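Residue numbers run from 1 in the order of the sequence given. Not measured: the values here are computed from a predicted model.
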Amino acid sequence: MTQALSETVRRALTRDTMLRLAHDAEQALVIVRKDDHRARVYETEEELLRAAVERYLDEAQTRRQWTGQVDHDWSFRENGNTNAATILRFCAFLGRPLPSTPAIDALYEKALDELRSDGTVRSRWAEVTVTYRLIRSLRASGRPADALPLAMAQHPESLFGSGAEPRAGDIQFEAGACLLELGQTAEVHSALGELESYWESSDARSYSTRHRYGFILALADQADGRCPDAVTRMTQALAHLDESRIADTRHDVYELSLVLTLAELLAHAQQDNDRAVSLAARALKLAEQIRGRWGVISRARTPLSTAFRRVYGDIALLADALRGPGSAEVGLRVCLAAKQTGLAAQMRAEVSSLPRQLQGLIDEVLRAEQVDPADEAADTDALSEQQAAQKEKLATLHRRIEKRVNPILAEMALPTPTDLTALRRAVGSRYALDFAALPDSLDTETNWFRSLITPNDGVFFERFAPGDQVTDYVAGRRARDPDAPLDLDLGAPNWRKMACHVLPGELRRRLDAVTDDPLELVISAHQELCLLPWAALVLDRRGTRLVRRAVLTQTPVLTCLSDAPPPAVTGPALVRVVSEAEAGSSVNRDREAWGLTFDKDRILLSLCSLDGRQTTPNAFPRISAALRERIDCGLIHVKAHGTGHGLDQHLILPEETDTDGQLSAAYALALRWPASTLLVSCRVGAVTNVADIEPVGLVVAVLTGGGRCVAAAIEEVARLPTSRMAAHLVGLIRPAEGRQPAIRLDHALRLAQLHFIDEPEANWALFNAYVR
């Protein structure tokens, strides 16, 4: 058995187990959320999951209430033990066990004890279901030898008349999975082959889980190296599912597992590439449907979201293994879907930090996403109608947010599946470079992927490794002491090696061909790549910096990109420069660039024209008041100390007395920002680099509030060089009398960086321009 085939089987088994556990855990959580409104929003994953487990364990302790000799509460105790065990096993399987976890398999045993009383079985259907979950739990915990005898004892004939006959397919899958995990590949067909006649019988042929039997035999074929047989059997299993599926949410998970595994088998066999691409696209669509129905975008820090990121990682790996433009588009779409999840989640996780009007909006989104559990008796048409109604409700709310507030807020609150046609239209004549770091079902390492969208030649997608230079650089930046003197050379990495590892070869070739006009490059970075000073990357042996060949802009996610590039800066400009007396910062160059004067050691908030003629001190007492009143300005320039992360990221502005002298990202979300904003501050262009959360901070808040372009620093910057560069940039925006100030903020930033490019990197490369 080759390593590639072995990995294919292991991945299929692991992912299938994860998805099945995720489905059953989600069903248990749905009940809790439906009965307890407090369970709808939790700031951490632990609160949500522990609340659910505690509730079910309490239910399992329900006292026995007897009427004569009848125990009325056994079903509550069985249900409580089973659901608690299922949630706990799911968390443990993902490597995120809840603290003080009771013995999981013992809870299933307790549930079975409740079902068996005085030699009788109270519910044969429930007994079979709990037994199946116990078998799965034993195998998922690394005990296939203990699970196998229990699985083999559940012969299909013993299920007759129980109502649980379809569970035979699930149990046989577990039996085969145990044999595979024990290394007894050849035993799978001999142990299960005799059941072929059972599944060909008139009744069993119509069971919705018949495909599970074919699925596990296909994996056994693959493990034995009989790839064509595996593909044939998997194709038949998928056909069985399509023919006999019922209106049960389990079947969407079944289909996702089957479709994705079949596509992987085709990819590893290097046959029927077009069919594999089609299946990969189908798998992504299914994942999006399931994720939306489960409301995972409102709980992106939970194991449920972790499970989806791993599925997305599997699809991305598959797209990389396939060929052609179709596979590249699938790869881009899945990476964008994974990044959308996190952007929505951070707002929900920190909803208490939001302004009151936005809290109400997020609450409305959360209510709209709640879906009542489907009636088990509902037919396929009824389930489809429910799903269609839910989809339309969310689409209507998305359009309302987009119209009344901002498209970027709509995407943050209610991400929608990527429309590549619309995205490429938005990119237009620019180049767009997207990065994503994703786990996969085997969770052995983080996989990095990148997509390049070109103006004329479509989409390029590939897996890549950032390289030791990037890893060491990011580790060094994270470990630095922010109070220590600034390292002007930023650790002196090999900027050329870094560029070779991070930039796609196709993009480097096009950059090499640039002669006069730089190309426009939009970058959507991810995780540690958000900390890179992209402008400093070196393209060739001559030392050509990336900023010489491209106008660089960043965007939180490409799906938030506007159809048009940012406009040229217009006036007037609202300027606030915090003076040395107020904050101990060197600001002379900033003040002089605008012609501002002191008023009792303070430089007042001022409204300045771009023609150099008019300055109006104290136009408003503070920036927040001006923006709430929707002052007519085209640019805001702020020089102040900045710090913090996420929605707590803030500028220190003494006059903002309502918020303790801080203008935070959360507060900024409620303000209406002009097209261009220059933030000459430490760290406010920095991002939160957590595995399951996309960057949300002051820059994103400004873009959400109507901004089109924001220039800001990604970490601490030196005072004097920063003030000089900002002053030079203002000079480009506000040229001498008689010249037309028609320049975009991102273009002005590039020209300012080029002006100081021969100085140490920390003096110019730590500023980014962000667009939407």
Do [X] and [Y] make a side-chain contact, defined as non-hydrogen atoms from C-beta onward lying under 4.5 Å apart?
X: Leu433; Y: Leu503; value: yes
X: Ile652; Y: Val578; value: no
X: Val680; Y: Val638; value: no
X: Trp594; Y: His637; value: yes
X: Phe461; Y: Val330; value: no
X: Leu596; Y: Leu604; value: no
X: Thr677; Y: Leu635; value: no
X: His755; Y: Leu751; value: no

Going through the distances and angles, do Asp440 and Arg11 end up as a salt bridge (charged side-chain N to carboxylate O under 4.0 Å, His left out)?
CA-CA 9 Å; Asp440 58 71; Arg11 185 181 303 282; 3.1 Å; yes

Distance only, no hydrogens: is a donor on one side chain within 3.5 Å (strictly under) of an acceptor on the other, for [X] and [Y]?
X: Thr306; Y: Arg310; answer: no
X: Arg772; Y: Thr555; answer: no
X: Asp746; Y: Thr553; answer: no
X: Lys339; Y: Thr559; answer: no

Checking side-chain hydrogen bond (donor to acceptor under 3.5 Å, both in side chains) for the pair Trp495/Gln469: CA distance, chi angles, key distance, verdict?
CA-CA 8 Å; Trp495 296 108; Gln469 289 290 323; over 6 Å; no

Could you walk me through whether Trp534 and Gln554 satisfy the side chain to side chain contact (heavy atoms under 4.5 Å, CB included) test, starting with their C-alpha distance in whole Å, then the side-chain angles of each, then the deciding distance to 0.1 Å, before giving a yes or no?
CA-CA 10 Å; Trp534 292 86; Gln554 309 274 329; 3.2 Å; yes

For Asp517, does the CG atom have more than 12 heavy-atom neighbours from other residues, nucleotides or ligands under 6.0 Å away?
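Open.
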
Run Gln649 and Thr643 through side chain to side chain contact (heavy atoms under 4.5 Å, CB included) and show every step you take.
CA-CA 6 Å; Gln649 195 174 77; Thr643 189; over 6 Å; no

Between Arg719 and Ser723, does a side-chain hydrogen bond (donor to acceptor under 3.5 Å, both in side chains) hold up when you go through it step by step?
CA-CA 6 Å; Arg719 294 176 183 173; Ser723 187; over 6 Å; no

Donor-acceptor check, side chain of [X] to backbone of [Y], threshold 3.5 angstrom: yes or no?
X: Trp764; Y: Ala752; answer: no
X: Thr454; Y: Gly458; answer: yes
X: Arg708; Y: Ala564; answer: yes

Indicate the ring-plane relationship of Trp448 and His526, choosing parallel, tilted or perpendicular according to the 30° and 60° boundaries.
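Geometry flag for His526 against Trp448: perpendicular rings.
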
May I ask you to decide if the ring planes of His728 and Phe756 are parallel, tilted or perpendicular, using 30° and 60° as cut-offs?
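The rings of His728 and Phe756 stand perpendicular, inter-plane angle above 60°.
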
All ring pair (Phe, Tyr, Trp, His ring centres under 6.0 Å) counterparts of Phe767, not counting sequence neighbours
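Phe767 satisfies ring pair (Phe, Tyr, Trp, His ring centres under 6.0 Å) with no other residue.
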
Before giving the answer on salt bridge (charged side-chain N to carboxylate O under 4.0 Å, His left out), spell out for Arg480 and Glu715 the whole-Å C-alpha distance, their side-chain angles and the decisive distance to 0.1 Å.
CA-CA 11 Å; Arg480 74 194 187 284; Glu715 58 175 81; 3.5 Å; yes

Hey, which of Ile523, Leu423, Thr418 is the one that makes side chain to side chain contact (heavy atoms under 4.5 Å, CB included) with Leu558?
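Result for side chain to side chain contact (heavy atoms under 4.5 Å, CB included) with Leu558: Leu423.
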
Just one of Arg744, Arg430, Arg510, Arg549 clears the salt bridge (Lys or Arg N to Asp or Glu O under 4.0 Å) bar with Glu520, so which one?
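Looking at Arg744, Arg430, Arg510, Arg549, the match for Glu520 under the salt bridge (Lys or Arg N to Asp or Glu O under 4.0 Å) is Arg744.
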
